[in-house]
Visitor: 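Okay, handing you the structure first.
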Number of protein chains: 2
Amino acid sequence: METEPEKENRVRSQIECQVDEIWSILGKTWALLILKKLTENEVTRFSEIKKAIPEISNTVLSDRLHQLEEQGLIRKKVYAQVPIRVEYSLTKQAIDLGKILEGLDRWVIKWRKEKPRKK
Amino acid sequence: METEPEKENRVRSQIECQVDEIWSILGKTWALLILKKLTENEVTRFSEIKKAIPEISNTVLSDRLHQLEEQGLIRKKVYAQVPIRVEYSLTKQAIDLGKILEGLDRWVIKWRKEKPRKK
DNA sequence: CGGAATCCTTGGAGATACTG
DNA sequence: CAGTATCTCCAAGGATTCCG
């Protein structure tokens with residue numbers, strides 16, 4: 001269905017719009033750092049994240065956790081104790097995502113070295 | 001240098017801070033769509049991008065192009081004609097990046113299907 | 001402890017007009 | 001044609017307070 005010669009040996013849509021979808025979530029502030037923190041242990045508490053990322057406000061942290069949960073990237077478990085205890089963990093999907101981002105990581109390392117530094 | 005048992009069979013830093021660096025650029029509005037447009041042809045003109053993405057303002061398009069160029073992701077070639085002609089193209093690094101984002105694409109597809117849809 | 005509600009602040013995006 | 005220069009505006013982030 002795509003016959004134009006100049007497009008044949010080109011990787012079409014190398015960067016698909018699909019990515020925009022996940023970008024709209026991961027692109028938000030702190031989202032990646034939160035996910036990263038959650039990779040360090042099986043479960044992580046609200047206050048632990050705050051301790052790891054002190055600059056984040058609880059407003060935003062709370063927002064992000066909701067959004068990530070809503071997207072199925074993290075799981076939330078509430079213990080009805082006093083004081084209350086809440087644990088967050090990554091879903092399998094987030095772990096898969098992490099693998100992919102590792103590749104991106106390696107690219108960033110390389111890219112940083114090769115960067116023209118024209119300034 | 002990492003001996004704690006609970007961390008042994010965990011991929012540490014699955015999501016590195018490194019990614020934040022590229023994220024701070026790609027996360028900006030239109031950045032990905034611009035790159036995507038540039039994958040379609042060897043060279044692309046300013047007005048062609050605008051035509052492909054009509055909703056973008058030239059202010060923002062101009063900003064993004066500068067930023068992407070500064071990061072070594074795109075290349076700019078100016079023809080001193082009247083009217084002036086400017087062509088943009090991807091650098092090798094951006095093409096490599098595109099490959100990686102393809103993997104992310106595939107993940108998004110899968111992830112979208114498996115999404116809990118709890119609402 | 002883990003948030004929600006509230007208010008405040010800012011920078012990034014958009015529209016418009018102009019220029020080499 | 002390919003931008004730059006201004007201006008405006010609003011959503012997203014931050015600080016603080018309070019609550020179950």
Side-chain angles (χ1 to χ4, degrees), chain A residues 20-38 41-71 73-90 118, chain B residues 17 20-38 41-71 73-90 118-119:
Chain A
D20 269 19
E21 214 177 321
I22 189 67
W23 236 251
S24 67
I25 296 142
L26 299 186
K28 303 210 170 196
T29 50
W30 310 113
L32 274 176
L33 287 176
I34 293 169
L35 286 178
K36 186 196 169 192
K37 174 62 185 170
L38 293 187
N41 296 288
E42 291 297 338
V43 297
T44 313
R45 301 184 60 175
F46 191 91
S47 48
E48 290 178 315
I49 306 177
K50 277 232 60 170
K51 207 181 304 169
I53 318 171
E55 313 91 329
I56 195 173
S57 66
N58 32 5
T59 319
V60 176
L61 176 52
S62 179
D63 280 359
R64 284 304 161 277
L65 289 171
H66 277 140
Q67 291 158 0
L68 292 173
E69 187 192 3
E70 192 178 348
Q71 298 305 322
L73 295 179
I74 67 176
R75 204 176 296 114
K76 179 180 181 176
K77 186 164 185 186
V78 182
Y79 296 86
Q81 309 172 348
V82 181
I84 193 172
R85 176 190 190 87
V86 181
E87 289 178 348
Y88 294 94
S89 57
L90 295 180
K118 45 168 36 190
Chain B
C17 290
D20 269 19
E21 217 177 318
I22 189 67
W23 238 248
S24 68
I25 296 142
L26 299 187
K28 304 210 170 195
T29 50
W30 309 113
L32 275 176
L33 286 176
I34 292 170
L35 286 178
K36 187 197 168 191
K37 175 61 185 172
L38 294 188
N41 296 288
E42 291 296 337
V43 297
T44 313
R45 302 184 61 175
F46 191 91
S47 48
E48 289 178 315
I49 307 177
K50 278 231 59 169
K51 207 182 303 170
I53 318 171
E55 313 93 329
I56 194 174
S57 66
N58 30 6
T59 319
V60 176
L61 177 53
S62 179
D63 280 1
R64 283 306 159 275
L65 290 172
H66 277 140
Q67 292 157 0
L68 293 173
E69 187 192 4
E70 191 178 350
Q71 298 304 322
L73 295 178
I74 67 177
R75 204 176 296 114
K76 178 179 180 176
K77 187 164 185 186
V78 182
Y79 295 86
Q81 310 173 347
V82 181
I84 194 173
R85 176 190 189 87
V86 181
E87 289 178 346
Y88 294 95
S89 57
L90 295 181
K118 45 167 35 189
K119 182 54 140 312

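Only this structure's heavy atoms are used, side chains among them; waters, hydrogens and symmetry mates stay out. Lettering of chains follows the sequences in order, A, B, ..., and the numbering in each one begins at 1.
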Visitor: Can you tell me if Trp30(B) touches the phosphate of dG14(C), counting only side-chain N or O atoms and a distance under 4.0 Å to OP1 or OP2?
Guide: yes
Visitor: Roughly, in whole Å, what's the span from CD in Gln67(A) to C1' in dG13(D)?
Guide: 12 Å
Visitor: Please check this pair: side chain of Trp30(A) against backbone of Leu61(A), looking for a donor-acceptor N/O pair closer than 3.5 Å.
Guide: no
Visitor: So does Arg85(B) get a backbone contact from the side chain of Arg45(B), meaning a donor-acceptor N/O pair under 3.5 Å?
Guide: no
Visitor: Can you tell me if the side-chain N/O atoms of Ser62(B) get under 4.0 Å from OP1 or OP2 in dG3(D)?
Guide: no
Visitor: Can you see if the side chain of Tyr88(B) gets near the phosphate of dC1(D) - specifically, an N or O under 4.0 Å from OP1 or OP2?
Guide: no
Visitor: As an exercise, state the distance from CG of Leu32(A) to CG of Asp20(B), rounded to the nearest 0.5 Å.
Guide: 5.5 Å
Visitor: Is there a side-chain polar atom (N or O) of Lys76(A) under 4.0 Å from OP1 or OP2 of dG3(C)?
Guide: yes
Visitor: Asp63(B) CG to dA15(C) C1': how many Å, rounded?
Guide: 14 Å
Visitor: Which whole-number value in Å describes the distance from Lys28(A) NZ to dG11(C) C1'?
Guide: 16 Å
Visitor: Students often get this wrong, so: under 4.0 angstrom with heavy atoms, is Tyr79(A) touching a base, only sugar-phosphate, or nothing?
Guide: nothing
Visitor: Please tell me if His66(B) has a side-chain N or O lying less than 4.0 Å from either OP1 or OP2 of dT4(D).
Guide: yes
Visitor: Find the distance Ile53(A):CD1 to dG13(D):C1' and express it as a whole number of Å.
Guide: 15 Å
Visitor: What is the distance, to the nearest angstrom, from the CD1 atom on Ile74(A) to the P atom on dG2(C)?
Guide: 14 Å
Visitor: Expressed as a whole number of angstroms, how long is the span from Ile34(B):CD1 to dA2(D):P?
Guide: 14 Å
Visitor: Can you tell me the distance, in whole Å, between the CD1 atom of Ile56(A) and the C1' atom of dT16(D)?
Guide: 16 Å
Visitor: Between dG13(D), dG2(C), dA13(C), which nucleotide gets closest to the side-chain atoms of Val86(A)?
Guide: dG2(C)
Visitor: What are the two closest heavy atoms between Leu68(A) and Ala31(A), and how far apart are they?
Guide: CD1-O, 4.4 Å
Visitor: Measuring to OP1 and OP2 of dG2(C), would you say a side-chain N or O of Arg45(A) lies under 4.0 angstrom away?
Guide: yes
Visitor: dC1(C), OP1 or OP2 - any side-chain N/O from Ser47(A) closer than 4.0 Å?
Guide: no
Visitor: Which part of the nucleic acid does Thr59(B) contact within heavy-atom distance under 4.0 Å: base, sugar-phosphate only, or nothing?
Guide: base
Visitor: What is the separation between atom CZ on Phe46(B) and atom P on dT4(D), rounded to the nearest whole Å?
Guide: 8 Å
Visitor: Hey, which sits more toward the 5' end of DNA chain D by its nearest nucleotide, Ile84(A) or Asn58(B)?
Guide: Asn58(B)
Visitor: Is Val86(B) close to Phe46(B) at the side-chain level, that is, under 4.5 Å between some pair of heavy atoms?
Guide: no
Visitor: Respond yes when some side-chain nitrogen or oxygen of Ser57(B) is under 4.0 Å from OP1 or OP2 of dA15(C), and no when none is.
Guide: no
